[in-house]
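Before any comments, here is the structure.
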Amino acid sequence: MTGTNLTIVMEFVLLGFSDIPRFHWLLFGVFSVISLVILLGNGIIVLVTRADVALQTPMYFFLSNLSFLEICYVSVTLPRMLMDLWTQTGSISFFSCATQMCFFLMLGATECFLLAVMAYDCYVAICNPLHYPLVMNHRACVQLVVASWISGAPVQIGQTWQIFSVSFCGSNQISHFFCDIPPLLKLACGDIFVNEMVVYLFAVLFVTVPFLLILSFYMRIISTIMKLPSNTGRIKAFSMCSSHITVVVLFYGSATVAYLKPKSDQYAGIDKLLSLFYTILTPLFNPMIYSLRNKDVRKAMRKFLPKLSAL
């Protein structure tokens with residue numbers, strides 16, 4: 001207790017879906033199935049793209065990294081959410097909350113960069129096909145992936161420290177199913193204007209800038225596709241990038257709205273819904289999008305799955 005009779009928060013309570021207690025067990029079952037589907041779907045994509053010789057190309061190298069990233073991404077939030085639904089407590093220590101947020105932000109930044117790298121790969125393949133083997137050589141692909149994984153880490157560690165360096169007093173209830181920045185800042189004491197501006201700055205840096213890069217790549221891709229002489233060529237070129245466009249719209253759309261919309265208590269339910277999109281539904285749909293819309297992946301899976309079931 002402080003001299004002003006304010007309780008300093010040492011742990012938080014994730015409210016999650018406590019506003020619908022009757023559906024806790026249903027939600028636990030649904031999210032457990034979703035978790036298994038995400039792990040299996042993305043795991044199979046990783047194994048197939050590594051095992052099949054026909055898929056040893058830059059596009060599938062990036063896809064395998066994206067699928068592995070999705071497994072890591074949901075591992076930060078889903079197990080905790082399932083445990084809270086099972087125990088119906090939701091308490092989380094100060095350190096555990098900070099750790100969860102740090103990994104969530106780092107992996108989110110990695111996904112933003114990796115989606116931009118995949119857009120660049122499509123751009124080079126369609127707009128500069130003759131230079132593609134030279135530009136997207138194995139060394140360049142590895143460097144792009146490594147840069148995607150590590151570039152955001154120092155900044156996001158700093159942002160986590162900046163968020164948790166503010167004073168939290170009074171209520172310790174986070175109106176969310178994981179430790180995210182907007183609901184945490186609502187519990188902060190005093191003036192947090194600077195903290196909010198830093199959050200918006202990082203959101204622009206790690207969400208908006210990569211999105212604008214993706215947009216510029218696709219504007220050039222569309223311009224190149226429209227100049228192709230045959231409809232068959234245009235359809236084939238567009239099909240190369242259609243899966244990636246779908247994933248970008250799902251992820252960036254929900255993440256941008258969640259982090260750049262005005263802060264208000266009336267958006268708490270919408271925040272949870274948007275968070276479900278980019279933390280759970282996007283990793284869930286990724287394997288379906290890339291396997292159903294890609295004949296090479298479908299062909300490789302038809303060869304790989306019988307071998308897997310025979311083990």
Please check this pair: side chain of [X] against backbone of [Y], looking for a donor-acceptor N/O pair closer than 3.5 Å.
X: Ser223; Y: Arg220; value: no
X: Ser96; Y: Ile92; value: no
X: Thr160; Y: Gln156; value: yes
X: Ser67; Y: Ser64; value: no
X: Asn128; Y: Val124; value: no
X: Asp191; Y: Phe193; value: yes

So, for [X] and [Y], is the gap between ring centers shorter than 6.0 Å?
X: Phe103; Y: Tyr73; answer: no
X: Tyr218; Y: Tyr123; answer: no
X: Phe164; Y: Phe94; answer: yes

Side-chain donor-acceptor contact under 3.5 Å, Thr232 with Ser230: no
For a quick check under 3.5 Å, do Asp52 and Tyr60 share a side-chain donor-acceptor pair by atom type? no
Gln173 and Phe12: side chain to side chain contact (heavy atoms under 4.5 Å, CB included), yes or no, with the steps? CA-CA 6 Å; Gln173 297 182 337; Phe12 298 101; over 6 Å; no
May I ask you to test the [X]-[Y] pair for a side-chain heavy-atom distance under 4.5 Å?
X: Leu276; Y: Phe177; result: yes
X: Leu69; Y: Trp149; result: yes
X: Cys179; Y: Phe104; result: no
X: Tyr252; Y: Pro210; result: yes

Would the pair Cys241 and Cys122 meet an SG-SG distance criterion of under 2.5 Å? no
Met59 side, atom CE; His244 side, atom NE2 - distance, nearest 0.5 Å: 11.0 Å
CG (Leu284) and CD1 (Ile289) are apart, to the nearest 0.5 Å, by 9.5 Å
With respect to Leu66, which candidate in Val145, Thr110, Val46, Asn286 satisfies the side-chain contact (heavy atoms from CB on, under 4.5 Å) definition? Asn286
